[in-house]
Chemist: 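Here it is, the structure in full.
The sequence lines fix the lettering, A, B, ..., with proteins before strands; numbering per chain opens at 1.
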Number of protein chains: 2
Amino acid sequence: MSVGAESIIAVSGSELDSLADIFKAIGDPGRLKIVHSLLARELCVHELAQTVEMTPSAVSHQLRLLRGLKLVKRRRDGQRIFYSLDDAHISTLLSQALLHVREG
Amino acid sequence: MSVGAESIIAVSGSELDSLADIFKAIGDPGRLKIVHSLLARELCVHELAQTVEMTPSAVSHQLRLLRGLKLVKRRRDGQRIFYSLDDAHISTLLSQALLHVREG
DNA sequence: TGAATATATGAACATATATTCATATATTAA
DNA sequence: TTAATATATGAATATATGTTCATATATTCA
């Protein structure tokens, strides 16, 4: 699904604030690593902690924030809780930003 | 120009850090308002300050940061300095995030 | 039940950061 | 040159925030 550039012009103040919340969320290196790790497949907290080299506690704190913004969702499987992306647009977001980094 | 979702999987650590810098930049409400204001047309510092309801000094500080990330560029016209977006991908970034906000 | 594992959470702390204020620089006009 | 306008910048401050640590909750297995 694509959006014309003109539609971004008409954005309410509260929508802008919501957008800022999302960008701020993936603007933290740790949280961005978490989100990036979940692009490939769902991961439990323990796996995420190892992958992004953070303590399980720190990961859990950040997952809570990401979940509050509905960027990730979770499902329990026994003792473990698996997290996955809850947003079809995130990979596009990352891809577009990557273009800026690589072309700039 | 579009990018397949798979290409975002292979991203180096330093690229992820650069991505985080970009998202953090537009993750601040004030800076996001600035960027959003520049979607329509170029604006001088004075106009931007009025538009986003910040002091010229605060706007100048944030423009400096945005310019460092090559998200905006500037040109002098007499006493005034006009700022404009220096990134073709930003409107796409904002549009995709807006989809999340509106669909979620 | 009790132990072990996995995850969550509140408080505290250390760091990062956005704004303000004072001041500096640059351009234009008188 | 002098005054006025526009923008930039450094220092200081107040606030926000990511991590750590201790602890709590939940599930599984012996």
Chemist: What's B:F82 touching, base or sugar-phosphate or nothing? Going by heavy atoms closer than 4.0 Å.
Modeler: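 The residue B:F82 makes no contact with any strand.
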Chemist: Would you confirm whether A:R31, through its side chain, and A:A25, through its main-chain N or O, come within 3.5 Å as a donor-acceptor pair?
Modeler: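 Present.
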Chemist: With a 4.5 Å heavy-atom cut-off, do B:L71 and B:V35 have their side chains touching?
Modeler: no
Chemist: Take B:G30 and A:E47, find for each the nucleotide of DNA chain C with the closest heavy atom, and name the residue whose nucleotide sits nearer the 5' end.
Modeler: A:E47
Chemist: Quick check for you: name the first and last nucleotides of DNA chain C, 5' to 3', having an atom under 4.0 Å from a heavy atom of chain B.
Modeler: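 Counting from the 5' end, contacts occupy C:dT17 to C:dT28.
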Chemist: Which base sits across from D:dA30 as a Watson-Crick or G-U pair, both distances under 3.5 Å?
Modeler: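 In the structure as shown, D:dA30 has C:dT1 as its Watson-Crick or wobble partner.
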Chemist: From CD of A:Q62 over to P of D:dT20, roughly how many Å is that when rounded to an integer?
Modeler: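 Spelled out: CD on A:Q62 to P on D:dT20 is 11 Å.
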Chemist: Looking at A:K73 and A:R67, would you say the former's side chain and the latter's main chain have a donor-acceptor pair under 3.5 Å?
Modeler: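 Checked: no pair found.
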Chemist: Heavy atoms within less than 4.0 Å of DNA chain C: which residues of residues 70-80 of chain B have one? Give them sorted by number.
Modeler: B:R76, B:G78, B:Q79
Chemist: B:T55 near the nucleic acid: base, sugar-phosphate alone, or nothing, with a heavy-atom cut-off under 4.0 Å?
Modeler: sugar-phosphate
Chemist: I'd like to know if the side chain of B:H36 reaches the main chain of A:I8, judged simply by a donor and an acceptor atom lying under 3.5 Å from each other, with no hydrogens or angles considered.
Modeler: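 Side chain of B:H36 to backbone of A:I8, a donor-acceptor pair under 3.5 Å: yes, one is there.
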Chemist: Is the backbone N or O of A:I81 less than 3.5 Å from a side-chain atom of A:R74, with the two atoms forming a donor-acceptor pair by type?
Modeler: no
Chemist: With clusters defined by side-chain heavy atoms of hydrophobic residues (ILVMFWY) lying less than 4.5 Å apart, directly or transitively, does A:F82 cluster with A:L39?
Modeler: no
Chemist: Using a strict cut-off of less than 4.0 Å between a Lys/Arg side-chain nitrogen and an Asp/Glu carboxylate oxygen, indicate whether A:E15 and B:R102 qualify as a salt bridge.
Modeler: yes
Chemist: Using atom CG of A:L48 as one end and atom C1' of D:dT19 as the other, report the distance to the nearest whole Å.
Modeler: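 Going from A:L48 (CG) to D:dT19 (C1'), I get 17 Å.
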Chemist: From NZ of A:K33 over to C1' of D:dT19, roughly how many Å is that when rounded to an integer?
Modeler: 14 Å
Chemist: Please name all residues satisfying side chain to side chain contact (heavy atoms under 4.5 Å, CB included) with B:H61, sequence neighbours left out, ordered by chain then number.
Modeler: B:S57
Chemist: Name the pairing partner of D:dA8, where a pair is Watson-Crick or G-U wobble with both distances under 3.5 Å, or state none.
Modeler: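 Paired with D:dA8, as far as the under-3.5 Å criterion goes, is C:dT23.
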Chemist: Find which nucleotide of DNA chain C each of B:K24 and A:S57 is nearest to by heavy atoms, and output the residue with the more 5' nucleotide.
Modeler: A:S57
Chemist: Would you say the side-chain atoms of B:E47 pair up with the backbone N or O of B:C44, donor to acceptor, closer than 3.5 Å?
Modeler: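 Checked: pair present.
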Chemist: Let me know the distance between CE of A:M54 and P of D:dT20, rounded to the nearest Å.
Modeler: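 Whole-Å distance recorded here is 8 Å.
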Chemist: Answer with base, sugar-phosphate or nothing: what part of the nucleic acid does A:R67 contact at a heavy-atom distance below 4.0 Å?
Modeler: nothing
Chemist: Quickly work out the B:L65 CG to D:dG10 P distance and round it to whole Å.
Modeler: 14 Å
Chemist: Roughly how many Å is it from CZ in A:R64 to C1' in D:dT20, rounded to a whole number?
Modeler: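 That distance rounds to 17 Å.
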